[in-house]
Amino acid sequence: GEGIYTSADSGATWTQTSAPSGNWLSVASSADGTLLIAGQDRGGIYTSADSGATWTQTSAPSGRWISVASSADGTLIVASRWEEGIYTSADSGATWTQTSAPSGAWASVASSADGTLLVTLRLQGGIYTSADSGATWTQTSAPSGNWLSVASSADGTLLVAGQAGGGIYTSADSGATWTQTSAPSASGSWASVASSADGAHLVAGLWGERKGGIWAFSK
């Protein structure tokens, strides 16, 4: 395994942090970049309160931490643990609680800026949302599919989700209804999606042998 790198100049230069070597699967940041969160494959969740200068392993149990997300202030953290469930922390990672989300092959997680609206998806399953910071979960009307990636606007109204071997879907009502976008439905995988704070600009990464690339959408 390798380490975690940060850039303080919008990506022009990169520095390896003091995070231990490991198979890092997921990272997230508070809005100001002070609090960083990182999850390991068959390891723990680590946080940094100083933009990556120093790292501390949290009390989260060991597992395959596929995805992590944070509220804007870094207080609420949500994380998906492969085949185990969805966990949240309301104190920047100090303590963790397994939510009522059922066990399964959970992939990506996302959070609104205030940490109230959470969204997560299951590989070979559906998309779930929580309107109470993870206390309760509801399966949305999104079709069943190989969901890989999800992102949220700051207020949680606009959600975007990408499939493996499928397309990209959006919801303009916090997950109540979903619409397939014009993004190509290909044999590749929409492995990563992101949204601007207002949801007007979306970007997605397509992984595939012949049709890989980065796609952008603006409205």
Just say parallel, tilted or perpendicular for the rings of W178 and W147, cut-offs at 30° and 60°.
-> tilted

Y46 side chain reached by Q40 side chain, heavy atoms, under 4.5 Å | yes

Grab the two heavy atoms, one from L148 and one from A164, that are nearest each other, plus how far apart they are.
-> CD1-CB, 3.6 Å

Look only at the side chain of S133 and the backbone of G115, and say whether a donor-acceptor pair between them is shorter than 3.5 Å.
-> yes

What distance separates D73 CG from T34 OG1, expressed to the nearest 0.5 Å?
-> 11.0 Å

Answer whether the closest heavy-atom distance between the side chains of Q124 and N146 falls below 4.5 Å.
-> yes

Distance, nearest 0.5 Å, that separates CD1 of I77 from CG of D91 = 8.0 Å

W215 pairs by side chain to side chain contact (heavy atoms under 4.5 Å, CB included) with which of L206, V203, I168?
-> L206

Transitive ILVMFWY side-chain link L159 to I127, under 4.5 Å | yes

Verify, without hydrogens or angle tests, whether T58 (side chain) and I45 (backbone) share a donor-acceptor contact under 3.5 angstrom.
-> yes

Could you tell me the separation between the OG atom of S29 and the CG atom of L36, rounded to the nearest 0.5 Å?
-> 5.0 Å

Under the salt bridge (Lys or Arg N to Asp or Glu O under 4.0 Å) test, residues paired with R64 that sit two or more places apart | D41

How close do S100 and T136 get, heavy atom to heavy atom, and via which atoms?
-> OG-CA, 3.8 Å

Using the rule that two of Ile, Leu, Val, Met, Phe, Trp, Tyr join whenever any of their side-chain heavy atoms come within less than 4.5 Å, decide whether L158 and F217 are in one cluster.
-> yes

Exercise: identify the closest heavy-atom pair between I4 and A38 | CD1-CB, 3.4 Å

Please assess S185 against Q180 for the test side chain to side chain contact (heavy atoms under 4.5 Å, CB included), listing each intermediate value before the final yes or no.
-> CA-CA 10 Å; S185 181; Q180 184 169 3; 4.1 Å; yes

S149 and A191 have their tightest heavy-atom pair at CB-O, 3.5 Å

Is a side-chain donor or acceptor of T88 paired with a backbone partner of G134 at a separation under 3.5 angstrom?
-> no

Consider only side-chain heavy atoms of I, L, V, M, F, W and Y, link residues closer than 4.5 Å, and tell whether V160 and W190 are in one cluster.
-> yes

Set of side-chain contact (heavy atoms from CB on, under 4.5 Å) partners for R81, sequence neighbours left out = P61, W65, E84, Y87

What residue among S130, S80, S103 forms side chain to side chain contact (heavy atoms under 4.5 Å, CB included) with I86?
-> S80

State which residues pass side chain to side chain donor-acceptor pair (under 3.5 Å) with D198; sequence neighbours excluded, sorted by chain then number.
-> S196

Qualifying residue for side chain to side chain contact (heavy atoms under 4.5 Å, CB included) with V78, from V119, I37, L118 | L118

